[in-house]
Amino acid sequence: MAYKLDNVLFSEEQIKARVRELAKDIARDFGNDKPLAVVGILTGAAFFLTDLVRELPENLDVRIDFMSVASYGDSDKSSGVVRIFHDLKSSIENKNVLIVEDIVDTGLTLSHLQELLHNRKPASLKTCVLLDKYERRQTEVKVDYCGFKIPDKFVVGYGLDYAGKWRHLKEIKTLVDDGK
Ligand code: PRP
């Protein structure tokens, strides 16, 4: 089955407005007693993260780092293992950590990642996701900041891909079967 772009789910303006609100919530919750290590999970979250951090106040001690991971786990058996393709450059010990993800779906990646980073002894660990496809959840996972809850549909754009395509769109769109 092949897909083509369908409707706009969130426009550039809607995304911008929501990112600004999330940044406000984050800025309210973190002080400057410790650095805030913002950890982006490649590849999809890079787009969201760069917009989000630029809405944070300049007096907040923000550090940025990225990880590339894949979770091994499926509906029957969650191995609890995250395979790391690219690890953080800096230690997160005793820092306030904010994981930034583009989407939480089954929750397996995020729950494994939270456990992995928790074991590195951060001062605190919170998670911010742009999209929450909550109907597909297979494991309970804590999300502290959520941009939008979305239905169980294929979505692309603003970092999200389908088979590697459409990450570069400014808006988030749904896909539809192109009948081919
Ligand atoms: C997406 C997303 C999460 C994961 C969520 O990454 O960024 O990491 O899937 O799915 P889950 O809740 O079912 O575990 P993906 O593997 O598509 O990588 P990408 O960001 O490089 O596209």
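Bear in mind the structure is a predicted one, so any value in this text is a computation, not a measurement. Numbering of ligands and ligand atoms starts at 1, following listing order.
Numbered from 1 in the order shown, with element, the atoms of ligand 1 that lie under 4.0 Å from a heavy atom of L42 read 20 (O), 21 (O). When each atom of ligand 1 is checked for a heavy atom of I103 under 4.0 Å away, the hits are 2 (C), 3 (C), 5 (C).
Atom 22 (O) of ligand 1 is approached by the protein to below 4.0 angstrom, counting heavy atoms only. For atom 8 (O) of ligand 1, the protein comes within 4.0 Å by at least one heavy atom. Note that atom 16 (O) of ligand 1 has no protein non-hydrogen atoms nearby, at separations under 4.0 angstrom.
The nearest heavy-atom contact from the protein to atom 19 (P) of ligand 1 is T43 N, 3.6 Å. Protein heavy atom in closest approach to atom 10 (O) of ligand 1: D105 CB, 3.6 Å. From the protein, the heavy atom lying nearest to atom 14 (O) of ligand 1 is T109 OG1, 2.5 Å. Nearest protein neighbour of atom 2 (C) of ligand 1, counting heavy atoms only, is D102 OD1, 3.3 Å.
Distances shorter than 4.0 angstrom occur between a heavy atom of G107 and an atom of ligand 1. For the pair R167 and ligand 1, a heavy-atom separation below 4.0 Å is found.
Within the 4.0 Å heavy-atom criterion, both parts of T106, backbone and side chain, lie near ligand 1. No part of H112 comes within 4.0 Å of ligand 1, judged by heavy-atom distances. Residue-level proximity to ligand 1 for D161 is carried by the side chain, the only part with a heavy atom below 4.0 angstrom. Contacts with ligand 1 closer than 4.0 Å are made by side-chain heavy atoms of E101 only, the backbone lying farther away.
The cluster map of Ile, Leu, Val, Met, Phe, Trp and Tyr, joined by side-chain heavy atoms under 4.5 Å apart, puts L56 and V100 in the same cluster. Side-chain heavy atoms closer than 4.5 Å link hydrophobic residues (I, L, V, M, F, W, Y) into clusters, and following such links, possibly through other members, connects L98 to L131.
Of the polar atoms of G44, at least one N or O is found under 3.5 Å from an N or O of ligand 1, judged by distance alone. Of the N or O atoms in L110, none lie within a sub-3.5 Å distance of an N or O in ligand 1.
Using a cutoff of 4.0 Å between basic side-chain nitrogens and carboxylate oxygens, D87 and R120 are scored as salt-bridged. Comment: D65 does not engage R63 in a salt bridge, judged by the lack of any side-chain N to carboxylate O separation of less than 4.0 angstrom.
Looking only at atom types and distance, the side chain of Y145 has a donor-acceptor partner in the side chain of D29 under 3.5 Å away.
Under a 3.5 Å cut-off, the side chain of K133 and the backbone N or O of K153 do form a donor-acceptor pair. Under a 3.5 Å cut-off, the side chain of N7 and the backbone N or O of K173 do not form any donor-acceptor pair. Here the side chain of N32 pairs a donor or acceptor atom with the backbone of D61 at under 3.5 angstrom.
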Go through the steps to decide whether Q114 and T127 satisfy the test side-chain hydrogen bond (donor to acceptor under 3.5 Å, both in side chains), and finish with yes or no.
CA-CA 8 Å; Q114 286 175 343; T127 301; 2.9 Å; yes
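Both tests do not hold together for K170 against F47: distance to the six-membered ring centre under 6.0 Å, angle to the ring axis within 45°.
When all heavy atoms are compared, the tightest approach of V82 to L113 is CG2-N, 3.6 Å.
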